[in-house]
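What follows is one structure encoded as structure tokens, with my remarks underneath.
To find a chain, count down the sequence lines: A is the first, B the second, and so on, and within it residues start at 1. This is a predicted model, so every value here is computed, not measured.
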There are 2 protein chains.
Amino acid sequence: MNDTKVRILAAGAELFRRNGYTGTGLKQIASTARAPFGSIYHFFPGGKQELGDAVIRSSGESYADLVFSIVDGHPDIIEAIEVAFTMAADSLVATDYADACPIATIALEVASTNEVLRVATADVFTDWIERGTRNFQTKGLHEAEARQLTLTLITSLEGAFVLARAMRSTEPLLAAGRAVRTAARSMLEW
Amino acid sequence: MNDTKVRILAAGAELFRRNGYTGTGLKQIASTARAPFGSIYHFFPGGKQELGDAVIRSSGESYADLVFSIVDGHPDIIEAIEVAFTMAADSLVATDYADACPIATIALEVASTNEVLRVATADVFTDWIERGTRNFQTKGLHEAEARQLTLTLITSLEGAFVLARAMRSTEPLLAAGRAVRTAARSMLEW
DNA sequence: GTCTATACACGGATAGAC
DNA sequence: GTCTATCCGTGTATAGAC
């Protein structure tokens, strides 16, 4: 893929994640990407919405790859969950509570205002749920349990990110991690 | 309190919740509140930020009152949790997936960009956690457990709202409700 | 205290030179 | 395909009439 296009996507991802979709201007993205303003419309003729759609889908996939590489590295489910939440907490602290979920802020902003982008966020979440379900199935859970645990994991992580960023504290993440492990244990006991 | 001020606060709460803080204009708020534009600056001399602060704190308190009135109406913890998540799901469907947490969207938007508003959202979450902890203590849990369960409840609800609004589905809320009940049961068994 | 008009910056988008 | 200049709407904020 073209180099400038990659920089524009990266800048958009970073700025949307931190400042939100409506809170980020295209001029700001061009400047951050060290790209001329017109290049945005060259690579994304649909303007801000098309760029937003591309950012949501690409960063959503990257984030899933990252999380699943962690989970796959730990065959034990309980340990994998613990590591995932701990790493999320570390990463938040390391970025001064800026980098949490790459699409959550956008998802809430556009849910009731921009159908195209809402569908993009929904597609990402749907993909995460399906990947997680398959993953937990390979670790021995039945499909219904695997899906329930995946939803628990994702919703807990997302909610913990909201509180953690607002309060500048890792406590919500650690508490959520404990709860998800409890939920997982209750499935594994049978 | 002055009538126009109340309408401005109500309009701000509704619009911020649905369209976000940066996505809502003061002119739009004045128009929705059927108030002259100048009145906003009359009642909130600090402009948009002062209005945002007031909206966060007042709607945060109202929402807590609502949720706790439900929880208090059900002495059994498990039942209270189930009712809370079911009612959240019903309310979401009734408003076409618009009205979830009144401050979550703002919280994510401002966490890294506006320290005054970030502190306002943090104060609201801190208050919720303290109220929830006291509430579960009166129902027989020790403080540490009560706080852990409260954090689990709030983070699960917040995260489920993100997915539910994006996917236009109540499944994440129902799954999160089940997980929180499991977490609660594991505390009550001892 | 209510309301209108306006200032000024920035938003997204486009045209067109190179 | 790169880059600049510009259009027009909307954003927040303010001044001041009533």
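Contacts of B:G47 with the nucleic acid, taken as non-hydrogen atoms under 4.0 Å apart, involve only primed sugar atoms and P, OP1 or OP2. Residue contacts for B:F43: at a heavy-atom cut-off of 4.0 Å it reaches the sugar-phosphate backbone alone, with no base atom in range. Counting any heavy atom pair closer than 4.0 Å across all strands shown, A:T24 reaches sugar-phosphate atoms only and no base atom.
Rounded to whole Å, atom C1' of C:dT14 lies 18 Å from atom CZ of A:F44. In this structure, the CG atom of A:L15 is 11 Å from the P atom of C:dG11, given to the nearest Å. The nearest whole Å value for the distance from the OH atom in B:Y41 to the C1' atom in C:dT6 is 14 Å. The interatomic distance linking B:K27 (NZ) with C:dT6 (P) rounds to 13 Å, in whole Å. A straight line from CG of A:L51 to C1' of C:dG11 spans 15 Å, rounded to a whole angstrom. One interatomic measurement links the two molecules: CG of A:L117 to P of C:dG12, which rounds to 13 Å at whole-angstrom precision.
Salt bridge annotation for A:D65-A:R131: present, with a cationic side-chain nitrogen under 4.0 angstrom from a carboxylate oxygen. Under a 4.0 Å N-O distance rule, the pair A:R147/A:E130 does not qualify as a salt bridge.
The residue among B:N2 and A:P45 whose nearest nucleotide of DNA chain C is located toward the 5' end is B:N2. In this structure, B:A35 and A:F37 both approach DNA chain C, and ranking their closest nucleotides by distance from the 5' end singles out B:A35.
Within the 4.5 Å cutoff, the side chain of A:F16 has heavy atoms near those of the A:I29 side chain. Counting heavy atoms from C-beta on, the side chains of A:T105 and A:Y21 never come closer than 4.5 Å.
Side-chain atoms of A:S59 and A:R17 include no donor-acceptor pair closer than 3.5 Å.
Contacts of A:Y63 classified as ring pair (Phe, Tyr, Trp, His ring centres under 6.0 Å), with partners at least two apart in sequence or in another chain: A:W128.
Pairs passing the side-chain hydrogen bond (donor to acceptor under 3.5 Å, both in side chains) check and including a residue from residues 25-53 of chain A, sequence neighbours excluded, read A:Q49-A:N114, A:D53-A:R57.
Boundaries of the chain A contact region on DNA chain D are D:dG1 to D:dA5, first to last in 5' to 3' order (nucleotide atom under 4.0 Å from a heavy atom).
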